[in-house]
Amino acid sequence: MISKTSRQLVIFHIIIYSTVIEFAEITNFIKMSHKTIIRDIKELQSAGIINVRFSKKEKGYIHMDNDNLSPFS
């Protein structure tokens with residue numbers, strides 16, 4: 001079983017280096033429940049680490065900071 005920290009790091013890397021990422025793609029990398037992944041994404045957003053929004057049209061999360069790939073700069 002993957003730890004919460006490891007899981008959130010994987011989600012961070014998937015989102016930070018993608019323009020649009022479908023939820024199914026995230027679940028391919030992380031074999032956890034949808035609720036757990038959504039909770040992790042919300043926690044990363046609340047901490048200000050990622051800036052994403054879910055798009056029904058794209059059926060996935062859109063990375064809103066495309067000009068700035070590193071949230072730590």
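Residues: numbered from 1 along the sequence shown.
In the hydrophobic clustering of ILVMFWY residues, with side-chain heavy atoms under 4.5 Å counting as a link, Ile21 and Phe29 come out together. Side-chain heavy atoms closer than 4.5 Å link hydrophobic residues (I, L, V, M, F, W, Y) into clusters, and following such links, even through other members, never connects Leu44 to Leu9.
The neighbour count for Phe54 CZ, taken as heavy atoms of other residues, nucleotides or ligands under 6.0 Å away, is above 12.
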(request) Kindly indicate, with the supporting measurements, whether the criterion side chain to side chain contact (heavy atoms under 4.5 Å, CB included) is fulfilled by Tyr61 and Ile50. (result) CA-CA 11 Å; Tyr61 288 93; Ile50 59 172; over 6 Å; no
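Listed by first then second residue, pairs satisfying salt bridge (Lys or Arg N to Asp or Glu O under 4.0 Å) with a partner in residues 22-43 read Lys4-Glu43, Arg7-Asp40, not counting sequence neighbours.
For the residue pair Thr27 and His34, the shortest heavy atom distance occurs at CG2-CE1, 4.3 Å. The two residues Val20 and Glu58 come nearest to each other via the heavy atoms CG1-CB, 3.9 Å.
Atom CD1 of Ile41 and atom CD1 of Ile49 lie 13.0 Å apart (nearest 0.5 Å). Annotation: the span from Ile14 atom CD1 to Ile30 atom CD1 amounts to 5.0 Å, rounded to 0.5 Å. Of the inter-residue distances, the one linking Ile62 atom CD1 with Ile15 atom CD1 reads 11.5 Å to the nearest 0.5 angstrom.
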